[in-house]
Peer 1: 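This is the structure, below, for whatever I ask next.
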Amino acid sequence: MKKILLLSGDEAVARGAYEAGLKLAAAYPGTPSTEILEYLTQFPEVDARWAVNEKTSYEIALGASIAGVRSMYSSKHVGLNVAMDPLMTSAYTGVTGGFVVVVADDPQMASSQNEQDDRLIAKFAKIPMLEPSSPREAYLMARSAFDLSEKFDTPVMIRITTRVAHTKEDVEIGERNEVPDKPFVPNPAKYVMIPGYAYKKHIALEAKLLEMAKYSDESSLNFIEINDNSMGIITSGVSYLYAKEAFPNASFLKIGFSYPFPDEKIKQFAKEVKDLYVIEELEPFIEEHVKQLYIPVKAKDVSYRIGELNPGLVKEIIEGKKKVEKPSTARKPVLCPGCSHRPVFYALKKLKAIVAGDIGCYTLGTLKPLDAMHTTVCMGGGVTLFDSMSKILGHNKVVGVVGDSTFVHSGIEGLIDAAYNGAKGLLLVLDNSTTGMTGCQNNPATGFTAKGEKTKKLSIEDISKAAGADIVETIGAYADNLADKIHELMNKDALSVLIVRYPCKVLTKAKDPIPVFDGANCKNCGACLQIDCPAIHRNEAGNIVLEEYLCAGCDLCVRMCKFGALKKAENR
């Protein structure tokens with residue numbers, strides 16, 4: 001009897017990998033890839049683990065492959081940047097057990113600091129790439145990718161995008177295939193990349209790319225659909241579905257084995273259609289290659305290299321129009337009610353601090369009315385930018401901010417560097433006991449693994465001292481003296497780390513007694529609105545209201561009110 005599951009693209013990749021005999025999976029949480037590893041934690045046959053960062057994840061998975069088992073790495077697009085060092089060299093070494101590299105790109109930047117197109121990285125790294133258009137294809141490609149990896153002795157990239165990762169589809173699943181481990185045979189010429197060995201491996205890699213290009217031409221993942229031959233569209237990934245919806249009668253070359261390119265199929269398709277178009281999101285990856293084959297092709301205006309496509313935009317591209325950016329109608333993102341980051345940023349704004357920020361929920365501290373974060377570039381940048389900016393602008397003016405998971409990811413080495421180079425000033429570690437932004441995953445500072453098993457708990461205090469901080473202190477996020485303590489440590493002639501600790505409300509799901517709102521005492525001054533809590537707002541009449549169903553009972557608003565309109569609950 002067929003078994004069908006409703007799976008997201010992330011879950012489908014994970015399910016396909018599981019059925020292919022996956023034994024180890026390593027990742028660092030990052031939208032839109034997080035759910036891949038989360039799904040795999042349910043299977044006892046798979047060692048599914050959160051690593052401290054993407055470079056570590058990649059190396060763990062590669063090591064497992066070299067040792068002879070099927071393994072997988074997954075991350076979002078910017079996460080792959082962190083893993084680039086081992087990625088580039090692993091194309092030279094090749095694999096023992098099948099090794100799959102899953103990267104989830106984020107066109108439109110739903111939850112990212114850029115929208116880079118990692119199809120370019122497959123070409124740069126010289127590894128084959130598969131691009132599913134739907135969860136069902138993601139499942140099938142994940143199942144077959146390990147065989148492909150072992151066939152060509154190479155890591156295989158599966159590139160998905162946010163729409164594929166988070167869309168759900170009925171997928172007919174199968175049983176797990178227990179693949180025997182491959183024996184590890186010491187082979188320095190294969191796995192020790194000193195220049196003499198690496199040079200020969202590069203020669204072999206170029207020959208391998210020619211073999212894979214031939215395979216791409218023969219692969220059923222690249223197929224031609226001839227309908228109305230007056231219009232032919234070359235496309236891949238979710239763009240194929242957009243194009244099919246916009247022009248159902250057109251002819252298509254659908255590319256699923258996206259690199260190396262299927263040159264012969266491209267040439268054949270071009271001969272069979274009158275007008276040839278390329279439809280793809282972000283970079284002109286396919287377009288440029290088709291032009292390199294000296295094939296005339298009509299491509300999108302450069303304005304469409306930004307953001308996602310949809311059927312309407314595909315029609316505009318075919319019509320030769322330029323993209324017109326429309327004002328966003330999305331609501332402003334906001335910290336959750338009761339978020340422990342809120343009092344920190346209110347204090348920093350009050351102190352007029354220049355804040356070097358980082359990647360996490362707390363990045364929302366940059367938005368008005370909190371308006372208290374001035375840089376966010378990459379994971380760990382809250383530490384390193386603080387180091388250099390404080391030396392130039394004055395250590396009593398600049399504060400670094402990093403979360404607990406991000407501190408473990410790439411903040412520790414930044415702190416070591418700051419101490420080594422004589423930095424002074426204050427670094428805040430906002431410890432909410434989870435990796436909150438991506439859905440509350442565990443990290444080494446929580447004391448639990450990806451599967452929820454108890455493990456060694458990293459002490460942020462101890463590691464900060466070992467890294468070279470002169471002063472290390474811990475304080476509660478709602479402590480009455482929080483602002484005073486921040487001000488005190490900013491002005492110390494020392495390198496200080498202040499750990500602001502309070503568990504994430506999403507994690508604990510705890511609601512304290514909500515404050516009492518006395519409208520008769522409200523002066524409608526708006527002071528309570530300055531903390532940007534979604535439970536407090538002005539109604540259509542312009543009056544302040546407290547939405548009790550949203551309130552988490554943190555009482556920060558009570559501190560803001562000078563007229564007694566907001567009071568602590570009597571049953572506290």
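What you see is a predicted model; the values in this text were computed from it and never measured.
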Peer 1: Salt bridge between E11 and R15, side-chain N to carboxylate O under 4.0 Å?
Peer 2: no
Peer 1: Do you know which two heavy atoms are closest between F146 and G98, and how far apart they sit?
Peer 2: CD2-O, 3.6 Å
Peer 1: Strictly by salt bridge (Lys or Arg N to Asp or Glu O under 4.0 Å), give each pair with a member in residues 24-34 just once, sequence neighbours left out.
Peer 2: none
Peer 1: Using the test side-chain hydrogen bond (donor to acceptor under 3.5 Å, both in side chains), find all partners of N432 that sit at least two apart in sequence or belong to another chain.
Peer 2: none
Peer 1: How close do N222 and G256 get, counting heavy atoms only, and between which atoms?
Peer 2: OD1-N, 2.8 Å
Peer 1: Pairs in or reaching into residues 251-264: which pass side chain to side chain donor-acceptor pair (under 3.5 Å), with residues at least two apart or in two chains?
Peer 2: E131-S258, S133-K254, E137-K254, D263-H289
Peer 1: Of all heavy-atom pairs between T34 and W50, which one has the smallest distance, and what is that distance?
Peer 2: O-CH2, 3.6 Å
Peer 1: Check this for me: does any side-chain nitrogen of one of K182 and E150 sit under 4.0 Å from a carboxylate oxygen of the other?
Peer 2: yes
Peer 1: Got more than 12 heavy atoms from elsewhere within 6.0 Å of CZ, R176?
Peer 2: yes
Peer 1: Could you tell me the separation between the CD atom of Q268 and the CG atom of L253, rounded to the nearest 0.5 Å?
Peer 2: 9.0 Å
Peer 1: Which pair of heavy atoms, one from A142 and one from A17, lies closest together, and at what distance?
Peer 2: CB-N, 3.8 Å
Peer 1: If I take atom NZ from residue K265 and atom CZ from residue F257, how far apart are they, to the nearest 0.5 angstrom?
Peer 2: 11.0 Å
Peer 1: At their closest point, which heavy atom of V95 faces which heavy atom of S65, and how far apart are they?
Peer 2: CB-OG, 3.3 Å
Peer 1: Minimum heavy-atom separation for Y58 to A83, with atom names?
Peer 2: CB-CB, 3.8 Å
Peer 1: My understanding is that only residues two or more places apart in sequence, or in another chain, count here; which of them pass side-chain hydrogen bond (donor to acceptor under 3.5 Å, both in side chains) with R119?
Peer 2: D117, E280
Peer 1: Would you say the rings of Y39 and F43 are close, in the sense that their centroids are separated by under 6.0 Å?
Peer 2: yes
Peer 1: Hey, mind stepping through H77 and E115 against side chain to side chain donor-acceptor pair (under 3.5 Å) and telling me if it holds?
Peer 2: CA-CA 8 Å; H77 58 304; E115 54 180 349; over 6 Å; no
Peer 1: What distance separates T89 OG1 from M193 CE, expressed to the nearest 0.5 Å?
Peer 2: 8.5 Å
Peer 1: Please list, chain by chain and in numerical order, all residues satisfying salt bridge (Lys or Arg N to Asp or Glu O under 4.0 Å) with K151, sequence neighbours excluded.
Peer 2: none
Peer 1: Return the set of residues passing side-chain hydrogen bond (donor to acceptor under 3.5 Å, both in side chains) with K332 (not counting sequence neighbours), or none when no residue passes.
Peer 2: D532
Peer 1: Looking at M109, is its backbone amide N or carbonyl O close enough to the side chain of S112 to form a donor-acceptor pair, meaning the two atoms are under 3.5 Å apart?
Peer 2: no
Peer 1: Show your reasoning for whether side chain to side chain contact (heavy atoms under 4.5 Å, CB included) applies to Q113 and I359.
Peer 2: CA-CA 9 Å; Q113 66 266 43; I359 306 293; 3.8 Å; yes
Peer 1: Determine whether a donor-acceptor pair (N or O, by modelled atom type, separation under 3.5 Å) exists between the side chain of S74 and the backbone of V102.
Peer 2: no
Peer 1: Consider side-chain contact (heavy atoms from CB on, under 4.5 Å). Of D358, V401, T363, L385, which one does T376 pass it with?
Peer 2: T363
Peer 1: Residues two or more places apart in sequence or in another chain: which of them pass side-chain hydrogen bond (donor to acceptor under 3.5 Å, both in side chains) with R143?
Peer 2: E19, Y139
Peer 1: In Å and rounded to the nearest 0.5 Å, what is the NZ to CD1 distance from K123 to I121?
Peer 2: 13.5 Å
Peer 1: Between D404 and T434 (side chain of the first, backbone of the second, donor and acceptor by atom type, cut-off under 3.5 Å), is there such a pair?
Peer 2: yes
Peer 1: Between E281 and R305, is there a side-chain N and carboxylate O pair less than 4.0 Å apart?
Peer 2: no
Peer 1: Evaluate side chain to side chain contact (heavy atoms under 4.5 Å, CB included) for M373 paired with L367, printing each intermediate quantity in order.
Peer 2: CA-CA 8 Å; M373 184 178 286; L367 300 178; over 6 Å; no
Peer 1: Which residue pairs satisfy the salt bridge (Lys or Arg N to Asp or Glu O under 4.0 Å) criterion with at least one member in residues 35-45, sequence neighbours excluded?
Peer 2: none
Peer 1: Evaluate the criterion side chain to side chain contact (heavy atoms under 4.5 Å, CB included) for residue pair I233 and V278; output intermediate values, then yes/no.
Peer 2: CA-CA 6 Å; I233 298 174; V278 171; over 6 Å; no
Peer 1: Working note: Q116 + N81, criterion side chain to side chain donor-acceptor pair (under 3.5 Å); need CA distance, chi angles, decisive distance, verdict.
Peer 2: CA-CA 10 Å; Q116 70 192 49; N81 297 342; 2.8 Å; yes
Peer 1: For residues F247 and F252, establish whether the separation of their ring centroids is below 6.0 Å.
Peer 2: no
Peer 1: What residues, two or more places apart in sequence or in another chain, satisfy salt bridge (Lys or Arg N to Asp or Glu O under 4.0 Å) together with K244?
Peer 2: E225
Peer 1: Treating N442 as the side-chain partner and T446 as the backbone partner, does any N or O pair qualify as donor plus acceptor under 3.5 Å?
Peer 2: no
Peer 1: Rounded to the nearest 0.5 Å, how far apart are CG of L364 and SG of C339?
Peer 2: 8.5 Å
Peer 1: What do you reckon, is CZ of F124 surrounded by more than 12 foreign heavy atoms closer than 6.0 Å?
Peer 2: no
Peer 1: For the residue pair K201 and T93, confirm or rule out a side-chain donor-acceptor distance under 3.5 Å.
Peer 2: no
Peer 1: Can you sort out the partners of D181 under salt bridge (Lys or Arg N to Asp or Glu O under 4.0 Å), two or more places apart, ordered by chain and number?
Peer 2: K23
Peer 1: Measuring from T435:OG1 to N443:CG, what's the distance to the nearest 0.5 Å?
Peer 2: 4.0 Å
Peer 1: Do the charged groups of K208 and E206 touch, with an N to O distance under 4.0 Å?
Peer 2: no
Peer 1: Does any N or O in the side chain of S90 come within less than 3.5 Å of the main-chain N or O of P86, such that one atom is a donor and the other an acceptor?
Peer 2: yes
Peer 1: Kindly write out the residues that satisfy side chain to side chain contact (heavy atoms under 4.5 Å, CB included) with K451, not counting sequence neighbours, or none if the list is empty.
Peer 2: T41, A48, T449, E453
Peer 1: Evaluate the criterion side chain to side chain donor-acceptor pair (under 3.5 Å) for residue pair S71 and Y73; output intermediate values, then yes/no.
Peer 2: CA-CA 7 Å; S71 63; Y73 159 94; over 6 Å; no
Peer 1: Between S144 and L140 (side chain of the first, backbone of the second, donor and acceptor by atom type, cut-off under 3.5 Å), is there such a pair?
Peer 2: yes
Peer 1: Is the count of non-hydrogen atoms from other residues, nucleotides or ligands lying under 6.0 Å from K315 atom NZ greater than 12?
Peer 2: no
Peer 1: Does the pair Y28 and V52 meet the rule for a side chain to side chain contact (heavy atoms under 4.5 Å, CB included), with working shown?
Peer 2: CA-CA 7 Å; Y28 182 83; V52 296; 6.0 Å; no
Peer 1: Step by step, work out the side chain to side chain donor-acceptor pair (under 3.5 Å) result for T56 and N53.
Peer 2: CA-CA 5 Å; T56 304; N53 60 39; 2.9 Å; yes
Peer 1: Going by salt bridge (Lys or Arg N to Asp or Glu O under 4.0 Å), name the pairs with one or both residues in residues 211-220, residues two or more places apart or in two chains.
Peer 2: none
Peer 1: Please determine, by modelled atom types, if T438 and Q441 share a side-chain donor-acceptor pair under 3.5 angstrom.
Peer 2: yes
